[in-house]
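Have a look at the structure below before the remarks.
When a residue number appears, it is its place in the shown sequence, counting from 1. In listed order, ligands and their atoms are each counted from 1.
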Amino acid sequence: MSTASDAAADPGDATPEIDLDALRAKYAHERDRRVRPDGTAQYRTAAGEFGYYAKDPYTPRTERAPLTDTVEVLVIGGGFGGLVTGARLRQAGVKSIRMMDEAGDFGGTWYWNRYPGIHCDIESYSYMPLLEEVGHVPEWRYAPGEEIRRHAVAIAETFGLYRDALFHTRATALTWDDEAVAWVVETDRGDRMRARHVITSSGTLTQPKLPGIPGIETFRGHTFHTSRWDYGYTGGGPDGGLVGLADKRVAVVGTGATGVQVIPHVGRDARHLYVFQRTPSSVDVRDNRRTDPEWAAALKPGWQRERMENFLAVVSGEPVDTDLTGDGWTSTARLQRKMISGRVDTRVPAEERELIEELADARKMNEIRARVDEVVRDPATAELLKPWYRYMCKRPCFSDHYLQTFNRPNVTLVDTADHGGITRMTEDAVVVGDTAYPVDCVVFATGFDVGVSGVMSGTLPVRGRGGRDLLASWSRGPRTLHGFYGDGFPNLFHLGPLQNANSVNFAHILLEQAEHIAAVIGRARKEGVAVIEPSAEAVDAWCRTVRATARDNSAFQAECTPGYYNREGAGVRGGGTSYSPGPVAFHRLLREWRDDRMHEVLGTRH
Ligand code: NDP
């Protein structure tokens with residue numbers, strides 16, 4: 001039996017012994033009873049017959065004539081990735097910028113997600129980009145969604161990005177025109193415009209998904225997805241006050257990061273709330289608080305960059321003198337390495353390191369499970385709310401209200417794990433096993449399709465030089481330099497997680513990417529260069545670097561409870577898609593490349 005004490009893993013911290021064999025067996029048992037043979041096929045996209053789940057409830061769609069004009073830069077995606085790219089391009093002197101989004105305004109994920117309780121779960125001082133440039137200090141340590149959405153709008157206003165912007169518009173094809181040295185861009189509005197440069201930043205979790213519950217379409221009550229919250233029905237707003245639910249029996253399906261934020265509000269305001277849970281989230285202390293005005297007044301120029309970089313370094317396992325954030329993310333840095341590229345201490349032999357990490361993980365998860373017992377009064381309910389998997393198998397959650405909601409007399413937890421989720425729906429009820437729960441309203445907090453937007457998904461066909469199809473030329477995996485661009489596809493740039501490095505503060509990752517792209521375009525303009533394109537050799541070399549540095553986390557993924565992180569238990573192919581020395585090393589590499597080698601991608605002159 002591989003029993004070890006925490007003291008062995010972390011000298012000086014004497015806590016009770018952990019039986020790792022027993023824990024592994026329990027985790028495997030909990031995973032096995034959740035794995036479904038239909039894997040990712042169990043879900044329905046909110047399209048076609050379910051298209052009304054994806055309709056924009058916030059902004060009316062206005063008619064406009066199709067466009068055939070030409071811009072210098074088209075940015076596809078009006079979330080933080082697109083916005084910070086637009087901002088940096090303006091600062092680089094680009095006047096002709098067109099932003100485009102399927103939504104009715106800027107904000108990306110914060111445009112769509114306006115459900116009650118919505119908050120950022122990364123500290124807002126590091127998460128909300130360009131705070132100093134826009135002149136805003138967040139009101140809360142973990143900002144509410146509405147403040148973040150307003151900040152996105154403020155970035156667009158500050159940098160003049162509303163000018164020429166197109167909303168409720170989806171790019172449907174990109175075709176390179178060699179003669180015009182520009183992309184021909186077609187959209188679902190009948191546009192056929194041109195852009196010298198195209199930048200795609202279309203997000204990773206954008207399309208709402210629904211569980212493929214038999215009978216879902218027969219339900220006659222009210223129903224919607226959390227990312228299209230129907231305040232017309234519920235009353236109230238993102239701060240709560242859902243007075244329309246006072247006489248309603250409401251079902252919330254899903255207990256991921258969204259469910260954890262929504263459930264306290266619905267529990268407070270509905271006549272009765274049934275929470276349909278399949279896998280419990282790990283829910284740690286939040287400790288949100290208002291920003292201290294004295295602290296804010298004392299901030300020195302450059303404070304945000306320093307804080308962001310410090311957070312990134314800490315969660316990536318880099319050596320730092322101080323942890324400026326000191327929260328649930330920074331204190332669990334070493335538990336995040338398995339899932340998100342991070343620096344590994346190679347001075348410790350791999351086997352010993354694995355054991356140390358597993359013990360630290362077990363200790364953290366024991367703490368999370370103990371908190372459930374402390375907060376939830378009914379022991380049977382508490383038992384159901386305990387997560388049995390390793391910390392990063394699912395997105396960790398933080399809340400000081402979620403577990404408490406299950407002490408309310410009007411809230412019932414319905415565990416569906418033994419049934420693989422909800423069994424079926426009828427005209428007026430949600431059924432689990434043989435038990436029907438009659439409800440007036442069903443709210444789906446069931447997450448998003450992964451990888452359905454952007455060039456990798458195939459929803460935006462791209463034809464480069466000589467009509468070369470982008471996805472066909474990537475049939476054996478993406479081929480880029482640094483994740484940004486590939487040979488044969490001039491003046492086309494991608495933002496997002498692609499052959500680069502990632503972190504939990506994705507807004508920071510996007511900012512670095514945006515700054516890199518803006519620097520390259522800025523230099524090309526200055527030097528009168530019309531075409532930006534890496535050579536096939538440079539792309540091959542980067543693919544080799546990514547492959548050589550890749551760490552394979554498929555074994556860890558395979559042992560995790562199913563979810564979108566591991567393709568519902570089907571696992572994720574071995575490493576090879578990201579730069580495993582981690583984001584700090586990647587950003588350093590990009591800076592050095594900008595200093596010494598940028599000329600390599602600057603091709604044909606005007
Ligand atoms: P998730 O995919 O994380 O969660 C979906 C939930 O629906 C899970 O609890 C899932 O259970 C449940 N579910 C799915 N099908 C069924 C079924 N048939 N019966 C019962 N339950 C079912 O989506 P979220 O919207 O919660 O979060 C998505 C991501 O968005 C997060 O991982 C995070 O990256 C981001 N996010 C970030 C926030 C922030 O504050 N920064 C806040 C909210 C979201 P199971 O786990 O068993 O599959």
With a cut-off of 4.0 Å, which atoms of ligand 1 are near a heavy atom of Leu205?
29 (C), 30 (O)
Are the ring centres of Tyr27 and His29 closer than 6.0 Å?
no
Flag for His136-Glu147: side-chain donor and acceptor within less than 3.5 Å
yes
According to the interplanar angle, ranging from 0 to 90°, do the rings of Phe106 and Phe167 count as parallel (below 30°), tilted (30 to 60°) or perpendicular (above 60°)?
perpendicular
With a 3.5 Å distance limit and no angle check, can you tell me whether Arg307 reaches the backbone of Leu324 through a side-chain donor-acceptor pair?
yes
Using a strict cut-off of 4.0 Å, indicate which atoms of ligand 1 neighbour a heavy atom of Pro211.
15 (N), 17 (C), 18 (N)
Does Gln277 come within less than 4.0 Å of ligand 1, judged by its heavy atoms?
no
Evaluate Thr255 for polar contact with ligand 1, using N/O atom pairs at a separation under 3.5 Å.
yes
Anything under 30° is parallel, anything over 60° is perpendicular, the rest tilted; go ahead and classify Phe80 against His151.
tilted
State the OG1-CZ distance between Thr381 and Phe406, to the nearest 0.5 angstrom.
8.5 Å
Which is it for Gln261 and ligand 1 at heavy atoms under 4.0 Å: side chain, backbone, both or neither?
side chain
Quick one: sort the Tyr233 and His222 rings into parallel, tilted or perpendicular, breaks at 30° and 60°.
parallel
Is_contact(atom 5 (C) of ligand 1), protein non-hydrogen, under 4.0 Å:
yes
The one among Ala257, Ala417, Ser399, Cys393 that brings a heavy atom closest to atom 36 (N) of ligand 1
Ala257
Just checking Trp295 against Tyr125, ring centres under 6.0 Å apart?
yes
The protein heavy atom nearest to atom 23 (O) of ligand 1 is Gly447 CA, 3.1 Å
For ligand 1, is any non-hydrogen atom under 4.0 Å from Ala445's backbone (N, CA, C, O), its side chain (CB onward), both, or neither?
backbone
Counting from 1 in the order shown, the ligand 1 atoms closer than 4.0 Å to a non-hydrogen atom of Tyr115 are 42 (C), 43 (C)
Of Ile422, Val260, Asp415, which has the heavy atom at the shortest distance from atom 19 (N) of ligand 1?
Ile422
Heavy atom of the protein closest to atom 47 (O) of ligand 1 (residue, atom name, distance):
Thr279 OG1, 2.6 Å
Heavy-atom distances under 4.0 Å are what count here, so tell me which part of Cys120 touches ligand 1: side chain, backbone, both or neither.
backbone
Could you list which atoms of ligand 1 come closer than 4.0 Å to a heavy atom of Phe448?
25 (O)
Are Lys209 and Tyr43 in a cation-pi contact, defined as NZ or CZ under 6.0 Å from the six-membered ring centre and within 45° of the axis?
yes
Give the atoms of ligand 1, by number and element, whose distance to some non-hydrogen atom of Gly254 is under 4.0 Å.
6 (C), 7 (O), 9 (O), 12 (C)
No-hydrogen, no-angle side-chain donor-acceptor test under 3.5 Å, Arg286 and Asn288
no
Please list, in number order, the atoms of ligand 1 under 4.0 Å from a heavy atom of Tyr43.
14 (C), 15 (N), 48 (O)
Can an N or O of Arg34 be found at a distance shorter than 3.5 Å from an N or O of ligand 1?
no
For atom 40 (O) of ligand 1, the protein heavy atom that lies nearest, with its residue and separation
His119 O, 2.8 Å
Count the heavy atoms of every other residue, nucleotide or ligand shown that sit under 6.0 Å from CZ of Arg424, and state whether that count exceeds 12.
no
For the side chain of Thr291 and the backbone of Pro138, is there at least one donor-acceptor N/O pair under 3.5 Å apart?
yes
Can you find a side-chain donor-acceptor pair between Asp287 and Tyr142 that sits under 3.5 Å?
no
When Leu273, Leu384, Asp378, Val376 are each screened for side chain to side chain contact (heavy atoms under 4.5 Å, CB included) with Leu413, the one that passes is Leu384
Are Arg371 and Asp284 ion-paired here, with the side-chain N under 4.0 Å from a carboxylate O?
no
Please state which protein non-hydrogen atom is closest to atom 10 (C) of ligand 1 and give its distance, to 0.1 Å?
Arg278 NH2, 4.4 Å
Can you list the atoms of ligand 1 that are under 4.0 Å from a heavy atom of Gly256?
4 (O), 9 (O), 26 (O)
Can you check whether Lys394 has an N/O within less than 3.5 Å of an N/O in ligand 1?
yes
What residue and heavy atom of the protein are closest to atom 41 (N) of ligand 1, and at what distance?
Asp121 OD1, 2.9 Å
Mind checking whether Val253 has an N or O less than 3.5 Å away from an N or O of ligand 1?
no
When you compare ligand 1 with Thr416, is there at least one nitrogen or oxygen pair between them that comes in under 3.5 angstrom?
no
Thr258: numbered ligand 1 atoms lying under 4.0 Å from its heavy atoms:
24 (P), 25 (O), 26 (O), 27 (O), 43 (C), 44 (C)
Regarding ligand 1, does Tyr564 bring an N or O atom to under 3.5 Å of one of the ligand's N or O atoms?
yes
